[in-house]
Peer 1: 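Once you've had a glance at the structure underneath, I'll fire off some questions.
Lettering follows sequence order; numbering is per chain, from 1.
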Amino acid sequence: MSLLDYFRSTKKNTASTAKERLQIIVAHERNRRNSPDYLPQLERDILAVIRKYVDIADDQVSVSLEKSSDQLSVLELNVTFPDDKK
Amino acid sequence: MAKIIVVTSGKGGVGKTTSSAAIGTGIAMRGFKTVIIDFDIGLRNLDLIMGCERRVVYDFVNVINGEANLKQAMIKDKRIDTLFILPASQTRDKDALSKEGVERILNELAQEFDYIICDSPAGIESGAMMALYFADEAVVVTNPEVSSVRDSDRILGMLSSKSRRAEQGLPGIKEHLLLTRYNPERVIKGEMLSVEDVGEILAIKLLGVIPESQAVLNASNSGTPVILDEDSDAGQAYLDTVARLLGEEVPFRFLNVEKKGLLKRIFGG
Ligand SMILES: Nc1ncnc2c1ncn2[C@@H]1O[C@H](COP(=O)(O)OP(=O)(O)O)[C@@H](O)[C@H]1O
Ligand SMILES: [Mg+2]
């Protein structure tokens, strides 16, 4: 490997990795902050109900409450099912 | 009417006390009657940074408890005659500050002062809440580093939901980003988040960028707020910061690597 290659191949710079990770976690935490306190428990309850039928992991259910106007909020429930358990 | 400014961050060791001392001193240098309050109960440090540690007789908690009055507890700066310091107590009782007590003292100070600077402790517990609760403006001190940025975002959440202004439905606290310990050389190498990166993530107005600087340690060693070291990079960056806080438009400096001359490169700069 030439010296030039060595400098070119230096790993992806860590600052951009930091930025991407921060953008994701900060967006997630802001979302949590702006949602009612009961949401995490609601998420656990829904998880428990689904588990009666399908074996899924903790991170396969996500619940969020999106305010779409002054009068209306939409509860969004996302469940990913593993392929073989449909 | 006094303006109450909290200097806060969530994370510890990012430069809140350094910045409170510099900003408070800078505002007082402009002729405004200014008091800096150390809210870090149990970990008093503002007195050392301001160089008045030997003159502490009474503290913030003594005043709240009625054991001393403000005149007895406040320390008048020997360099700038519009500047005062109210030291923190060294008590181990973390709940020594009550909301009512703090409010009463702030109201009394507001009669006399133009600016009240609140140096917040780290964390998101009662001490930090107390420091930010009554604020009109907030200087959110952040280092270009993941945990500091994340904690700053949490503090922004508190400012907009847990403050007096939020609870009473008043216009929100004016939020300013102060990026400290910035190292342009490392930013260019891709090793450190840039001012643009942090600004984009936190999405609040940039008030100032303070470079990582030897001058800060020198200043704290001698008990002189770094803003009084007007020849230093950090001192000048704080002067710019104060000007912006007072509404002036000042271009940003110290964002790029300074080109070193040959002599500097040989002998070190
Ligand atoms: N711009 C800077 N350059 C170099 N060191 C700094 C800078 N700002 C702060 N420091 C150092 O960082 C440490 C923590 O600063 P301090 O103001 O006490 O932080 P905090 O009040 O947030 O805990 C101190 O040792 C201080 O000298
Ligand atoms: Mg401090």
Peer 1: Counting only heavy atoms not in B:Asp93, do more than 12 sit closer than 6.0 Å to its CG atom?
Peer 2: yes
Peer 1: Looking only at non-hydrogen atoms, find the nearest pair between A:Arg33 and B:Gly157 and report the distance.
Peer 2: NE-CA, 3.5 Å
Peer 1: Just distance, no hydrogens or angles: give the donor-acceptor pairs under 3.5 Å from side chains in residues 121-132 of chain B, sequence neighbours left out.
Peer 2:
none

Peer 1: Non-hydrogen contacts under 4.5 angstrom with chain A: give the residues of residues 140-156 of chain B involved, or none if there are none.
Peer 2: B:Val146, B:Val149, B:Arg150, B:Asp153, B:Arg154
Peer 1: How long is the gap from CD1 on B:Ile201 to CZ on A:Arg21, to the nearest 0.5 Å?
Peer 2: 11.0 Å
Peer 1: Once rounded to the nearest 0.5 Å, what's the spacing between atom CZ of B:Arg186 and atom OG1 of A:Thr14?
Peer 2: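 Answer rounded to 0.5 Å: 8.0 Å.
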Peer 1: Could you go step by step and tell me if B:Leu193 and A:Lys19 meet the side chain to side chain contact (heavy atoms under 4.5 Å, CB included) rule?
Peer 2: CA-CA 7 Å; B:Leu193 290 163; A:Lys19 184 181 181 187; 3.9 Å; yes
